[in-house]
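Here is the structure we will look at, set down as structure tokens.
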Amino acid sequence: MRDLSLHLMDILQNSIAAKASKISVFIYTDTVQDELRIVVEDNGMGMEPEQLDLVADPFATSRSSREVGLGIPLFKASAERASGCLTIESMKGKGTIVTATFKISHIDRLPLGNVAETMVHVILSNPQLEVELTLHDSRDGSFHFSSAYINEMLGEVSISDYEIITWIRDYIDEGIKSNFGGVLNEIDY
Amino acid sequence: MKSIIELEEIRKKTFERIGMRKNKTGTRVLVGMATCGIAAGARPVMDAFVKELKKRSISDATVAMMGCIGACRLEPIVEIIDPHGSRVTYVKMTPEKAARVVAEHIVNGRVCLDYTMGEAERAEKAEG
Ligand SMILES: Nc1ncnc2c1ncn2[C@@H]1O[C@H](COP(=O)(O)OP(=O)(O)O)[C@@H](O)[C@H]1O
Ligand SMILES: [Mg+2]
């Protein structure tokens, strides 16, 4: 995988496949611990404990197609390659929390990539879905975005309109810059 | 800094534009974005449509994005819905093709047949 925003896309797609109506994404950095943490929390169908034990294994997938589920194993490999780890908490009927950590300064840590594009894509493909994004760095402030809030504010105007989507994309990009600029070396101020 | 106040301004302008469309019923441009749409460049195509429409002062057309329609190998896909509701689907779009679609299809009402879904599928069959 080229960057973390593409891994994030895969994890979000899992939540959508699990019929989540609300997904919250948290991206935290801690410069003292030298840690980047990505958390995806959904209220989808969740997993049984036995299924949960299997998902980190590349040969586990509940889909009946020939393909082998790789989304989670690949994300896990990317985290471990950067001295981090991936954990999944899940409860049948309640939801799932996927957490991946990375050592920020590790030479093999993937760049964050285009998180705004991933969020916009998920919002557009699933108009009924409530999507939240929270960004936070240990030094100071934080950023919060909620598609439900935006939808409510827009009223009759569609969130998929060019001008609106462009604003959302720039808004998230700015949030990324102001929180992680100078913290993650791929993002400048 | 971008702010919610700014979004409110954009909302107002967009609302007025939609009102205008309801009266004059302009063309709608929908740009598809599959999971692979990011790599396939849906965004430059959408930007090209907006730029070309602005250049020609076509203000009653709207450009929006749509989710995956499950034809990833043909991405980016663009649907043009004319004021009467008839649809044409263009595939494997580029910013250059977008300029031609605005000039020929949206301005002059001539469909660019060689870019359509039907044409792409015919070509695929011919290749076997
Ligand atoms: N958020 C989630 N909620 C419920 N089940 C999940 C979730 N994420 C993953 N799973 C389960 O784990 C399996 C493996 O996921 P993944 O590794 O991404 O492969 P794939 O999505 O291709 O099946 C999924 O098929 C699904 O059964
Ligand atoms: Mg998956």
Side-chain angles (χ1 to χ4, degrees), chain A residues 1-3 5-14 16-17 71 113-129 141 143-147 149-179, chain B residues 1-22 26-54 58-59 61-70 72 75-79 98:
Chain A
M1 208 64 86
R2 261 181 302 133
D3 64 50
S5 73
L6 297 176
H7 278 305
L8 179 62
M9 178 74 89
D10 203 275
I11 299 306
L12 292 171
Q13 235 113 39
N14 284 347
I16 292 161
N114 201 336
V115 171
E117 205 65 46
T118 294
M119 298 304 291
V120 160
H121 178 254
V122 168
I123 291 167
L124 287 171
S125 305
N126 308 277
Q128 305 308 319
L129 185 71
F143 167 92
H144 186 72
F145 168 86
S146 153
S147 68
Y149 177 82
I150 303 283
N151 266 321
E152 193 175 317
M153 184 197 149
L154 289 176
E156 256 189 81
V157 172
S158 164
I159 201 166
S160 69
D161 190 273
Y162 176 81
E163 316 279 344
I164 308 295
I165 283 298
T166 302
W167 181 87
I168 293 175
R169 196 183 265 138
D170 293 348
Y171 185 60
I172 294 176
D173 274 343
E174 272 189 17
I176 297 267
K177 274 210 176 74
S178 65
N179 279 276
Chain B
M1 268 313 264
K2 298 257 160 240
S3 69
I4 296 286
I5 298 161
E6 188 187 10
L7 181 62
E8 175 56 22
E9 288 302 311
I10 297 170
R11 184 196 69 80
K12 273 191 204 139
K13 277 197 212 129
T14 309
F15 188 73
E16 283 160 19
R17 205 157 31 82
I18 292 170
M20 200 158 68
R21 193 183 79 208
K22 274 185 185 143
T27 302
R28 289 167 65 205
V29 179
L30 293 177
V31 182
M33 193 182 184
T35 310
C36 46
I38 293 175
R43 186 175 171 182
V45 168
M46 185 161 78
D47 291 344
F49 269 103
V50 172
K51 207 176 95 204
E52 287 299 317
L53 290 167
K54 273 214 180 99
I58 301 169
S59 58
T62 57
V63 180
M65 294 209 84
M66 60 180 173
C68 183
I69 68 161
C72 299
E75 289 283 315
I77 288 176
V78 171
E79 245 177 21

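Predicted model, so just to flag it, every value in this text is computed and none were measured.
Heavy-atom pairs under 4.5 Å with chain A were tallied for B/Asp47, B/Leu30, B/Val29; the largest tally goes to B/Asp47.
Counting heavy atoms from C-beta on, the side chains of A/Tyr171 and B/Leu7 never come closer than 4.5 Å.
The OH atom of A/Tyr162 sits 10.5 Å away from the CG atom of B/Leu53 when rounded to the nearest 0.5 Å. The structure places CD1 of A/Ile164 at 10.5 Å from NZ of B/Lys13, a figure rounded to the nearest 0.5 Å. Expressed to the nearest 0.5 Å, how far CD of A/Glu163 lies from OG1 of B/Thr62 amounts to 10.5 Å. Rounding to the nearest 0.5 angstrom, the gap separating the OG1 atom in B/Thr14 from the CG atom in A/Leu154 is 8.5 Å.
With a threshold of 4.5 angstrom between heavy atoms, A/Ile150 approaches chain B through side-chain atoms but not through N, CA, C or O. For B/Val63, the parts sitting under 4.5 Å from any heavy atom of chain A are the backbone and the side chain alike. Looking at B/Ile4, both its backbone and its side chain come within 4.5 Å of chain A, counting heavy atoms on both sides.
Evaluation of the salt bridge (charged side-chain N to carboxylate O under 4.0 Å, His left out) rule for B/Lys51 yields no partner, not counting sequence neighbours. For A/Ser160, the side-chain hydrogen bond (donor to acceptor under 3.5 Å, both in side chains) partners two or more places apart in sequence, or in a different chain, are A/Ser158.
What you find for B/Arg11 and A/Met153 is that their closest heavy atoms are CD-O, 3.2 Å.
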